[in-house]
Protein chains: 2
Amino acid sequence: MAMSALPDLDSLKLLVDVGELGSLGRAARAAGIAQPSASKRIVQLERGLGVPLIERTPRGSTLTSEGKMVAGWAAQVLAAAEELMRAVQAVRHREAVHLRVVSSMTVAEYLVPRWLGELQNREPEVQVGLDVINSADVAARVLAGEVELGFVEGPGLPDGLAGRVVGTDRLVVVVAPGHPWARRRTVLRAPELAATPLVVREPGSGTRETLDVAFRGLHRAGPRLELGSNSAVKGAAQAGVAPAVLSGYAVESDVATGRLVEVPLAGVNLVRNLRAVWRRGRPLTGPAATLLSIASRP
Amino acid sequence: MAMSALPDLDSLKLLVDVGELGSLGRAARAAGIAQPSASKRIVQLERGLGVPLIERTPRGSTLTSEGKMVAGWAAQVLAAAEELMRAVQAVRHREAVHLRVVSSMTVAEYLVPRWLGELQNREPEVQVGLDVINSADVAARVLAGEVELGFVEGPGLPDGLAGRVVGTDRLVVVVAPGHPWARRRTVLRAPELAATPLVVREPGSGTRETLDVAFRGLHRAGPRLELGSNSAVKGAAQAGVAPAVLSGYAVESDVATGRLVEVPLAGVNLVRNLRAVWRRGRPLTGPAATLLSIASRP
DNA sequence: GCGCACTCATAGCCACAGGCTATGACCTCA
DNA sequence: TGAGGTCATAGCCTGTGGCTATGAGTGCGC
């Protein structure tokens with residue numbers, strides 16, 4: 001199924017702005033371009049999607065009903081894109097940073113950008129730096145005092161660190177839609193899973209740790225493939241290499257859209273806590289404290 | 001805060017592909033472009049974000065640790081964009097459609113695209129048409145037999161319709177961060193909210209119905225502004241026009257990033273069910289039945 | 001009733017982004 | 001040592017997307 005050309009984010013933003021500002025011209029000014037350029041872009045977007053999006057009148061433009069829908073979906077795409085940009089900002093500059101945070105992959109990808117966004121919102125003057133590394137290394141860096149605050153997933157809390165749970169995650173087993181397990185009629189049980197070669201994250205990652213702890217004492221097959229990022233693992237699973245075990249956050253949308261199928265699993269607890277950690281005896285101050293309070297909130 | 005230019009979705013897709021395929025050339029072929037073009041794009045992306053993304057070696061390219069992170073975030077953006085495209089596909093063609101579905105706004109924006117995606121995945125030959133209209137009109141169209149299946153939010157289930165709950169949603173009160181309510185120390189109670197002019201959706205919408213039912217019997221102020229889409233209401237609230245009442249789905253990401261602040265509310269139940277509805281006595285068949293089973297699953 | 005102020009669309013121009021092919025440098029393995 | 005893979009560079013060309021200038025339509029107020 002060919003994926004009919006992705007839309008252009010600037011045009012989507014423009015569409016959303018037209019909806020909110022009520023006129024093409026105003027939206028153009030908001031985007032810093034001239035009115036005719038905006039007009040052309042919208043026409044192009046309409047042609048590309050094959051749907052009329054805005055209702056032009058001599059005193060402004062409003063979204064058609066299709067336009068409202070597209071704008072709604074577009075807003076979600078844009079929110080995700082802005083999250084990406086925020087996270088990249090935090091990752092980029094290694095100097096002139098007032099708050100340095102380290103985080104393991106899963107928390108970083110799915111939760112930290114939002115927290116950083118809100119921190120930025122509350123204290124715009126704070127420059128945040130974010131490093132994404134393994135859970136094991138996060139603990140080491142925090143212990144060494146190189147960073148004030150870290151986020152980790154996984155079962156244990158190393159000595160010398162204080163922590164607070166800021167969320168939970170559940171590991172799930174997923175397979176490609178064509179895999180036999182996608183249609184199995186019996187529930188998968190831990191021993192069978194443990195004895196199956198899997199696509200998994202690398203040792204030292206929080207995901208892998210959790211899995212290893214859960215399988216302790218069972219007869220285990222070696223991994224079929226070890227990969228260093230959630231999306232690589234997902235890709236391999238989708239390609240049918242083998243079943244994969246991954247964070248529920250990571251596969252949520254793939255399962256929802258049927259690109260991957262979740263295999264129900266019984267008899268083993270793969271829920272794990274996501275924790276903020278800092279050095280015991282060194283209470284957080286300033287922006288680090290603010291970030292912790294943001295993260296712990298809901 | 002200027003929003004440092006949105007990234008280009010094709011380049012992001014390319015980056016993700018490099019991560020999954022292990023080489024620039026293969027990713028280029030997957031994208032249907034020549035290898036040098038892909039190379040240039042990635043360089044540009046790296047320049048744009050200010051972060052090195054891939055590690056070039058003579059036998060392939062792998063993502064740097066920053067690259068893995070960016071790819072993870074990019075995958076989320078792409079998933080949202082694909083959801084948009086799927087939804088637009090379903091909205092577009094009004095002819096040659098095998099299954100026609102109507103849905104009210106909130107369900108359509110936040111849940112229906114995923115269900116359609118999975119339906120498409122299971123039964124690729126089915127052409128799906130989606131109309132997004134008010135809850136009230138959904139009921140009318142389903143009753144009239146114009147469409148087999150509809151999705152509505154809101155309290156009541158009209159006579160003549162059968163339905164099944166496929167999810168729940170909670171209305172929330174949100175204000176701009178600068179609004180006095182963002183810092184109020186006392187919990188907001190229903191009578192005060194009812195007596196406040198609000199930004200709300202138009203009459204006939206599921207959101208509005210739910211609100212009106214919840215406020216029945218209270219002294220009410222007229223709305224400050226009535227708008228026809230969730231994003232318009234959000235925009236007005238963000239601009240500080242007045243507090244808004246909206247679906248929790250709609251404001252989730254805005255609240256998480258601090259663009260809007262949720263005001264805790266006591267003494268009134270604003271949880272509502274999202275229902276699939278069809279004509280009583282006419283059981284669903286074919287693709288409509290499949291879609292219902294997809295929607296009811298988790 | 002006639003401009004004025006606002007909408008959006010069209011036309012024509014220009015620059016550059018992003019595609020292509022051709023080629024070269026580098027590494028690995030048979 | 002050559003074959004087969006990697007990626008980068010160079011040079012070319014097209015089309016996209018920006019701009020200004022202008023026209024056409026609507027409503028408002030003098």
Side-chain angles (χ1 to χ4, degrees), chain A residues 2-64 66-68 71 74 78 81 232, chain B residues 2-64 66-68 71 74 232:
Chain A
M3 217 185 5
S4 59
L6 294 162
D8 158 30
L9 290 188
D10 294 309
S11 302
L12 294 183
K13 175 104 179 79
L14 198 60
L15 176 70
V16 171
D17 279 355
V18 169
E20 280 175 9
L21 301 176
S23 115
L24 256 174
R26 269 198 290 277
R29 251 169 288 142
I33 63 177
Q35 169 265 320
S37 311
S39 179
K40 214 190 334 184
R41 278 197 102 114
I42 294 289
V43 169
Q44 249 161 325
L45 187 61
E46 288 177 316
R47 270 220 324 269
L49 298 180
V51 166
L53 296 173
I54 80 178
E55 187 90 41
R56 284 91 163 158
T57 81
R59 23 194 268 271
S61 295
T62 59
L63 301 182
T64 62
E66 293 96 335
K68 282 183 207 164
L78 292 169
Chain B
M3 219 191 357
S4 60
L6 294 161
D8 158 30
L9 290 187
D10 294 310
S11 302
L12 293 183
K13 174 105 180 77
L14 197 60
L15 176 71
V16 171
D17 279 355
V18 169
E20 280 176 10
L21 301 175
S23 115
L24 256 173
R26 270 198 289 276
R29 251 169 287 140
I33 63 178
Q35 170 265 319
S37 311
S39 180
K40 216 192 331 185
R41 278 198 101 115
I42 294 288
V43 169
Q44 249 162 326
L45 187 60
E46 288 176 318
R47 271 220 325 267
L49 298 181
V51 166
L53 296 172
I54 79 178
E55 187 91 39
R56 284 89 164 161
T57 83
R59 25 193 266 270
S61 295
T62 59
L63 302 182
T64 61
E66 293 95 336
K68 283 182 204 164

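Predicted, not measured: the structure shown is a model, and the values here were computed from it. Each chain gets a letter, A, B and so on, in the order the sequences are listed, and its residues count up from 1.
When the side chain to side chain contact (heavy atoms under 4.5 Å, CB included) test is applied to A:Ala81, the partners found at least two apart in sequence or on another chain are A:Leu9, B:Leu6, B:Val77. Here A:Ser23 pairs with A:Arg26 under the side chain to side chain contact (heavy atoms under 4.5 Å, CB included) rule; sequence neighbours left out. For B:Ala74, the side chain to side chain contact (heavy atoms under 4.5 Å, CB included) test picks out A:Leu84, B:Leu12, B:Val16, with sequence neighbours left out. Among residues two or more places apart in sequence or in another chain, the salt bridge (Lys or Arg N to Asp or Glu O under 4.0 Å) test is passed with B:Arg29 by none.
Counting only residues at least two apart or on different chains, the salt bridge (Lys or Arg N to Asp or Glu O under 4.0 Å) pairs with a member in residues 32-43 of chain A are A:Asp8-A:Arg41. For residues 48-61 of chain A, every residue pair satisfying the side-chain hydrogen bond (donor to acceptor under 3.5 Å, both in side chains) rule, not counting sequence neighbours, is listed here: A:Glu46-A:Arg56.
Between A:Ile42 and A:Leu24, the closest side-chain pair of non-hydrogen atoms falls below 4.5 Å. Counting heavy atoms from C-beta on, the side chains of A:Val43 and A:Leu45 never come closer than 4.5 Å. Annotation: side chain of B:Ile54 is not in contact with side chain of B:Thr62 (no heavy-atom distance under 4.5 Å).
Heavy-atom distances under 4.0 Å link DNA chain C to no residue of residues 48-55 of chain A. Applying a 4.0 Å cut-off to non-hydrogen atoms, none of the residues of residues 23-31 of chain B approaches DNA chain C.
The distance from atom CG of A:Asp10 to atom CD1 of A:Ile33, rounded to the nearest 0.5 Å, is 8.5 Å.
B:Ala27 and B:Leu14 make their closest contact through O-CD1, 3.8 Å (heavy atoms, listed as atom of the first residue, atom of the second, distance).
Nearest-nucleotide positions on DNA chain C for B:Pro58 and A:Arg59 put A:Arg59 closer to the 5' end.
Rounded to an integer number of Å, the gap from B:Ile42 CD1 to C:dG18 P is 12 Å. Taking atom CG of residue B:Leu14 and atom P of nucleotide C:dG18, one finds them 12 Å apart after rounding to whole Å.
An OP1 or OP2 oxygen of C:dA9 is reached within less than 4.0 angstrom by a side-chain nitrogen or oxygen of A:Arg56. B:Ser61 has a side-chain polar atom (N or O) that falls below the 4.0 Å cut-off from OP1 or OP2 of D:dC7. A sub-4.0 Å separation between OP1 or OP2 of C:dC8 and a side-chain N or O of A:Ser39 is absent.
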Reading nucleotides 16-22 of chain D from the 5' end, what letters show protein touch, with B for base, S for backbone sugar-phosphate only, - for no heavy atom under 4.0 Å? -BBBBB-
